Amino acid sequence: MPDHAEHGRELSASFIPADIESVLYSKWLSAEYFTANAASTKEPFTIVLPPPNVTGVLHIGHALDQTLQDCLSRMKRMKGFEVLWLPGMDHAGIATQNVVEKQLASQGKTRHDLGREAFLAKVWEWKAESGGAILDQMKRLGSGVDWSRERFTMDEVMSNAVGSIFKKMYDADLIYRAERIINWCTRCLTALSDIEVEHSDDEGEFVQIRYGEGDQSIVVATTRAETMLGDGAVAVHPDDPRYKHLIGTEVLLPLVNRMIPIIADELVEQDFGTGAVKVTAAHDPNDFEMAMRHNVPFVVIMNEHGVMDGTGTEFDGMDRFAARIAVVAKLKEMGRIVAEKRPYIHAVGHCSRCDTTVEPRLSKQWFVKVAPLAQASGDAVRNGSVKIEPVSLEPRYFEWVDKMHDWCISRQLWWGHRIPVWYGPQGEVVVVGPGEKAPDGWVQDPDVLDTWFSSGLWAFSTLGWPEKTADLAKFYPTSVLVTGYDILFFWVVRMMMMSTFAMDGVPPFKTIMLHGLVRDQFGKKMSKSRGNSIDPIEFLDKYGADALRFTLARGANPGADQALAEDWIGGSRNFATKLWNASRFAMLNGAHVNGELPAFSSLSPIDRWILTRLNETIIEADQLFESYEFSRACELIYHFAWDDLCDWYLELSKEVFASNEKAASQRVLGHVLDQLMRLLHPVMPFVTEELWCTLTGGESLVISSWPTSRPDQIDVEAKRIVTSLQEVVTEVRRFRNDQGIKPSQKIPGRFSGNPDVLSSASALRFLLKLEDKDFTPSATLDIAGAKIELDLTGSIDVVAERARLEKDLATALKDQKTAEVKLGNEGFMAKAPADVVVEIRERLEKTTSEIERIQAALAALS
RNA sequence: GGACGAUUGGCUCAGCGGUAGAGCACCACAUUGACAUUGUGGGGGUCACUGGUUCGAUCCCAGUAUCGUCCA
């Protein structure tokens, strides 16, 4: 037999992630492992990366999201799928425009000083220089995306898709223009969709105002007193006995001195406030609805900046919040304030981009009619064609999809896809699709589309739609969407709607896999204001990508948030180091993968045991990965590698490797490491690649095959034997520890009894530092049916040993009693399943003999 | 106000109708070779509370309390 020297280089004595990461990533890229082939005959596996904002940097949430996607795509590639993981970025309308406007502001300019075209040129310039920082950070993490297919939502292909889908939807009557109450940001000067509004509980005021005079008066309650200037009616519930007599009459609206009607509408809650609400049709969505039903006039009292305008009162020209104070003060002077509550905590909407308080505003905008689209999206999940993992999050999806409002898609911004609608001189409206041209003299709508409109197309626009491309045919629908539950409503639902419509009813993904949010070490939400945000790049530098990835994957329970502490990343780094050192040790001892594995039955019990554990781990880990149980899969592999392989197998095998009987074990160990590296590669791609290539001389784990389990290599007998060995080792170690014998100190010892233990006696002696020589035993242990005699060179510490034995005895007695009680229970004996009864019986026997053993040992002590 | 979820060792979380688990933290011992980014041994929980179902409940059901998230 040739000596099996290590392949390639030797491993350095310590593992330094920075030494290997960028080298390996470059190797993978230049080999084009991540480049998908649409012409392949392999079954496709597709993931589209949720596109980060072009303004974004990698935060810890991205790191989690990408770790899981990389893990799935690497595993599927190893399983023989044609994998496409498609990356890209979102143009992020408001966010990006804000960034560039801020730059301009520092030069004392606004976008209007530049004009639309020059401003857009500036944005593109910014993108080229500073955009997409996140892409390089993804490489640091090891994300194996197909860079040849990188997309940007404003690219030509994508814009083409936007124009096409707009026309298709308009023609299908799914897009319309209407005057509605929309969310308006008075700073960004644009409409916002519902999801771009974040609600928070703010301190405001709740005041009750008396309208009218004498008998003909009514008290309304409001948190936005200034809007009373635009009231067109007062509404009460039709059944409210307090106000029934007033319905149909009119009251005087103070300050503006206008008579307004009292109407009855079921929308009014009798128990809320005074049961009478003011109806400000042009400035509140609920009021708008009531106004439509009752022909209440729309009175606009504010301009786009949120400044009072057109009321014909002294308040014109005041900011809305100043006007609120002034109006209440004036009404108070008039004796019309009946009650005031301040502070009054209530939900207030804020612009998700700049936090400005959103103002509901009557405005003419473009909308998507969502009812039919949402219905189809809900049905796709209801009928099982799309699965949501974990299932427990389905109700949230349905809750949103089933009561979604029409979606306002026009934005008064410049950065984005311009609405492809042109208006003729006579007010004609035409949608101009890609490649079409509007008649001369017609004018294009100045607004752009909501960013989510284009990102809603992501699953198919990235593949070349509306062209019938090879990519689209091969890779649509995508296999799984991996994303945080926080954007289930924002993005996932929109993708479902748009894709299902565009792709003739085929939903964009087969599975939606939702993970949670990364939180700080105490489970608190990370935020700038708390100051508990953490920077993944810092941890990549400090602990390496594998450590960060493993920590995140290990914490990823389906749909649940996870806490993250630096200490835990350190722990994962230690794990990577452990793998490194174990592999190094193994290779120094000649572990290799050359030739066939020796016949299973010819192997030692210890070798058979580690192969058994390997196979069990492969089977279980594979199932866990396939069901997106990343946390449990990582936990399982971690304990196999650290406990079974390092702590037991390597320790029990040291004696063999030091002998001349090591050939079989060298091959077995090589095989176990080979398979373990494959199994762990999706989560820890760098360290496994380095170790595996060194061990096997193979080209790359990325293109190697996924481990397959070998049912013929699962041996219960070997497990039983090794369990006995483990008991012996642990008990002797405990005894030595109790007796104060230093771990390094060798003492004479010998075994007798249990043949399973005897057959591994030399391994045990090596591990337990027991010398094989003649001696007169001063202590005898009875473990797992084996007798272990030791010479402590002198008398043993009787007090310590007695304390130990008595503690064990107490435990055994308690266990024995529990079993006895059960077996003595008639109900239990009559109704418990047979296998449970057998188990309890065995437990009773075991504890009984254990008690006998301990009592005998105690007796021997005295 | 609506919906959903959570409550398990110091911290963060798994788990499960049949004697409570992990990581980190903690205590003790150890530095003659894979690894101190380590090894060995150890301590620590009446599984929020109250009822119910069951031979048996941390687990299932109901209620209570507290906390969290989303929506209005």
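Here the structure is a predicted model, which is why all the values come from computation and not from measurement. Chain identifiers are assigned alphabetically (A, B, ...) following the order of the sequence lines, protein sequences preceding nucleic acid strands; residue numbering begins at 1 within each chain.
- Looking at heavy-atom distances under 4.0 Å, A:R843 makes contact with a base.
- Among the protein residues, A:K525 comes within range of the sugar-phosphate backbone only, with heavy atoms under 4.0 Å from sugar or phosphate atoms but none that close to a base.
- If you check the side chains of A:D607 and A:S665, you find a donor sitting under 3.5 Å from an acceptor.
- Nucleotide B:A34 is matched to nothing when pairs are restricted to Watson-Crick or G-U wobble geometry with both distances under 3.5 angstrom.
- Looking only at distances, a side-chain donor or acceptor of A:D406 sits under 3.5 Å from a matching main-chain atom of A:V370.
- Counting non-hydrogen atoms under 4.0 angstrom, A:D561 reaches nothing in the nucleic acid.
- Residue contacts shown for A:F575 are absent, as no nucleic acid heavy atom lies under 4.0 Å away.
- Expressed to the nearest 0.5 Å, how far NE2 of A:H515 lies from CG of A:D65 amounts to 4.0 Å.
- Within 4.0 Å (heavy atoms only), A:A832 reaches at least one base atom of the nucleic acid.
- Counting non-hydrogen atoms under 4.0 angstrom, A:K578 reaches a base of the nucleic acid.
- Of the candidate nucleotides B:G2, B:G23, B:U37, B:G2 has the atom lying nearest to any side-chain atom of A:E399.
- Note on A:R584: only backbone sugar-phosphate atoms sit closer than 4.0 angstrom, heavy atoms only; bases stay farther off.
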